[in-house]
Amino acid sequence: MSRIVSRPAIIRALLKKELKAYSRDKVYLFLTLLVLIAIPLTYKFMPSKVNETITLAVSPSVSSMVEDAKDSLKAMGATDAQLAELDNADLSQEQEGLLLIEFDNEEDMQSVVEGKLEAWRAEDGALILRDPETDQDKPPNAEKLGLDIGIAFPKDFISNVAAGKSGVAVTVYSDANVPEEIQGAMTSFVREAAYQLAGKQLPVTMADDASIVLGTDRAGDQVSLKDKLRPMLIFMVLLMETFSMASLVSTEVLQRTVTAVLVTPAKTSDFLIAKTIFGTAMSMGQGLFVLLLVGGLTAGNWSLVLATLLMGSMMFTGIALFVGSSGKDFMGQLFYSMLFMIPLLIPSFSVLFPGTAASWVRVIPTYPIIDTLVGAFNYSMTWSDAAGSLAYAAVWVVALFGAGLFTLKRKVKSL
Amino acid sequence: MTVPAINVEGLRFSYGDLEAVKGISFDVQPGEILGFLGPNGAGKSTTIKMLTGQITPKGGKAQVLGIDISADDADLQAQIGVCFEEKNLYLNMSAKENLDFYASLFGIKEPETMEILRRVGLAERAKDRVHTFSKGMRQRMMISRAFVNKPKVLFLDEPTDGLDPVTSASIRKTIREEADRGAAVLLTTHDMFEADELSDRIAFLNDGEIVAIDTAENLKLKYGTRSVKVRLRDGAGVREEHIELASDGSSARLAELAASPDLLTIHTEEATLEKIFIELTGRGLAG
Ligand SMILES: Nc1ncnc2c1ncn2[C@@H]1O[C@H](COP(=O)(O)OP(=O)(O)O)[C@@H](O)[C@H]1O
Ligand SMILES: [Mg+2]
């Protein structure tokens, strides 16, 4: 006897049912509306500039570095006019939220950062150092500076960078009381600041906690907070959709409707394929909607953004299927959701501080998704740059679906 | 001889260390209703779960419509109908949508949904969502869903559990119609009246084992003892005496009591399936 019903027909039937279940569940509808309204609104009202001024100490003074580099710059073909422009650059004024405090002496700067010396800034911009141990008067009409971080450049920094030398080390001092994560973030910030000082955007890698070494990595443009958060918003959409999808699977497991489906010619794989198509389509749809609203398709590498969104939708659906078929009851369900969601969220924070992700963060399955989204959005990442990340994500997608199929089969047998 | 619709040999299942089904054998012919009668925990549902492919047997063999159940065969699944113990309906969908969806899984293009709903008395509620249905209505939905694909074999796990007598009777009528149509029916129950009324044959299941399997008539003849209960006035109260009809001196004692001036009433006591069950297993069907 031949099989009277084809698999595509079964999957179509399951999809139709999926759509009904989704459209009739208040929780799913609420979550969907929340995503579609709240996230674009958050984006709209987010400041496009960071207003807070970051105070940063450097040594030696930029002008002395420029002075020292003049000869080598000249030798490399810099014109007198260009050199004069460097002389006239006023770095002591606040620019783009960055206040630069220059130290002539690396040891002084280190002492201030470590809290052994106080630094005061007079109205005319002059720097006054005071030893808090002595009974020396506080300088009048001066503002005390909070310096948690200082960068010491080598004397020949500019000429080395200009000559394209690699392995140019910059030492970053930070107060030991500053938490490690903040230190990491600051280091990343310092790195971006270093590009600006060098007048070039050079690739860098971090050598250790205390110093950064210029080498090869993705170039980091200065990107506004608002732009940085775009990929994170997309990530949030996918995450919210994951909760809906997980509950679409778990209700079938908990109410045991899945067993009714599986005693018919429909197989566990048909059930999962239908859920996957549905979940991926829902995530993709919502992701696209939000993308359009935040202008994600006009900026950066849009085809790569779309491909990554698809990969991300599939990955999160895979996670949802796995989580949704894991819990035995509602509480178990919640427990598994949290168990998986929290670690999967971690990589999205690396968006705020690009390049700071520790190696263990890079291993998390969602890291390549967010990393590629960030790259494609804001750093003109190309398809070949992203190939490795996407391949790594694809491996996870396959593994998650395998795990989902296995868990669901086991779960159904224990009902 | 025709191929049995269900053929089971030495089927076993255990949940961890707990042996739920301990090697049972039976068959069901097309058009026959076999009633699985046993208390809660006897292994009735576990047997149905194995035969419908929900769980994999730990031993023994079974064929349904001549196809080995371990084959996970879509052709076989297309020809069976299952009524589960839990009422696993899509609560957010209407009665009609539930049945239409189920029919589409069998590739049925024009399901006779309304006709099926009419048979279980739910035609007027076809458009209402199942979450608005009473327990009895949901149970009728469960039964009707099992009929959607006109199955050759029906597995019905406690189809009338917890229903009022009127609803139970109407559901039994539809089950009988299915058997008359030619379907083999394996039905579980812990209700001896249901087993007695509906089944062509009855299997007594206790603690994972079939302790007896035969027609109700034969079981009663083989194991039951016919007896008479005589009630007599005893001073201010009432006294009862049971007389087993086949035992020595029973007729003399009965004649003596019948002539007594204290005689109130005489009742014949037919052996019930429950009594036989107790006789065979030392336990009742409840609990
Ligand atoms: N999922 C399960 N896990 C562990 N034990 C189970 C499970 N389902 C049933 N059992 C046990 O197996 C035995 C048979 O159960 P079951 O087949 O449901 O009996 P019945 O349907 O006759 O009431 C019982 O002792 C029951 O407690
Ligand atoms: Mg049962």
Side-chain angles (χ1 to χ4, degrees), chain A residues 1-29 244 247-271 273-275 278 328-329 405 408-415, chain B residues 13 15-16 45 48-56 64-67 69 72-94 97-109 111 129-131 141-142 145-146 148-149 151-155 157:
Chain A
M1 208 184 305
S2 70
R3 202 175 147 154
I4 48 173
V5 54
S6 68
R7 296 193 74 176
I10 290 179
I11 292 168
R12 257 200 314 278
L14 287 164
L15 281 173
K16 220 172 118 186
K17 182 257 311 173
E18 237 37 271
L19 195 62
K20 277 201 183 105
Y22 195 95
S23 64
R24 287 175 188 179
D25 194 295
K26 291 194 188 71
V27 179
Y28 307 147
L29 287 182
S244 309
S247 88
L248 265 181
V249 177
S250 69
T251 25
E252 296 233 27
V253 170
L254 300 182
Q255 295 180 356
R256 298 177 180 197
T257 43
V258 59
T259 56
V261 169
L262 296 182
V263 298
T264 72
K267 306 266 173 237
T268 315
S269 54
D270 297 333
F271 183 84
I273 288 170
K275 293 275 180 197
F278 186 76
K328 236 193 170 69
D329 47 30
L405 187 64
L408 187 66
K409 274 194 167 160
R410 268 189 62 132
K411 174 59 73 181
V412 165
K413 294 222 180 248
S414 74
L415 287 178
Chain B
F13 192 85
Y15 297 100
S45 298
I48 285 195
K49 283 178 183 172
M50 284 190 279
L51 294 177
T52 54
Q54 298 174 60
I55 53 178
T56 313
V64 176
L65 298 172
I67 302 169
I69 55 163
D72 188 24
D73 189 307
D75 285 335
L76 172 57
Q77 284 163 327
Q79 299 179 78
I80 66 169
V82 187
C83 175
F84 299 84
E85 198 170 21
E86 311 88 17
K87 297 174 190 41
N88 51 3
L89 300 158
Y90 288 97
L91 302 179
N92 270 335
M93 291 178 11
S94 72
E97 285 169 339
N98 265 280
L99 297 195
D100 284 345
F101 162 62
Y102 215 62
S104 64
L105 294 180
F106 292 98
I108 300 171
K109 297 256 156 47
R129 304 238 175 120
V130 174
H131 71 83
M141 277 296 300
M142 290 297 297
R145 191 176 65 182
V148 157
N149 56 329
K152 290 193 179 146
V153 184
L154 271 166
F155 297 92
D157 200 352

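Given the structure is predicted, the values throughout are model-derived calculations rather than measurements.
For the pair B/Phe106 and A/Thr264, the minimum side-chain heavy-atom distance is below 4.5 Å.
Interface check for chain B: of the options A/Val258, A/Ile11, A/Val261, A/Leu262, the most heavy-atom pairs under 4.5 Å are formed by A/Val261. Note: B/Glu97 leads B/Glu97, B/Met93, B/Lys49 in heavy-atom pairs under 4.5 Å with chain A.
Of the atoms belonging to B/Ile108, not a single heavy atom falls under 4.5 Å from chain A. Only the backbone of B/Ser94 comes within contact range of chain A, with heavy atoms under 4.5 Å apart. With a 4.5 angstrom heavy-atom cutoff, A/Lys20 touches chain B only via side-chain atoms. Of the atoms belonging to B/Glu86, it is side-chain heavy atoms, and not backbone ones, that fall under 4.5 Å from chain A. Proximity to chain A (any heavy atom under 4.5 Å) is shown, for B/Tyr90, by both the backbone and the side chain. Both the backbone and the side chain of A/Leu14 come within less than 4.5 Å of a heavy atom in chain B.
Remark: side-chain polar atoms of B/Tyr102 are paired, donor with acceptor, to backbone N or O of A/Ala260 under 3.5 angstrom. A donor-acceptor pair under 3.5 Å links the side-chain atoms of A/Lys267 to the main chain of B/Asp72, judged by distance alone.
By the 6.0 Å contact criterion, CZ on A/Arg24 is enclosed, its count of non-hydrogen atoms from other residues, nucleotides or ligands being greater than 12. Counting heavy atoms of neighbouring residues, nucleotides and ligands inside a 6.0 Å radius, atom NZ of B/Lys87 exceeds 12 of them.
Minimum interatomic distance between B/Leu89 and A/Gln255 (heavy atoms only, all atoms of both residues): O-OE1, 4.3 Å. Scanning both residues, A/Val263 and B/Val82, for their nearest heavy atoms gives CG2-CG2, 3.8 Å. In plain terms, the two heavy atoms of A/Ala266 and B/Leu105 that are nearest each other are CB-CD2, 4.4 Å. Closest approach of B/Ser104 to A/Ala13, counting heavy atoms only: OG-CB, 3.1 Å. Scanning all heavy atoms of the two residues, the minimum distance from B/Asn92 to A/Asp25 falls at ND2-OD2, 4.2 Å.
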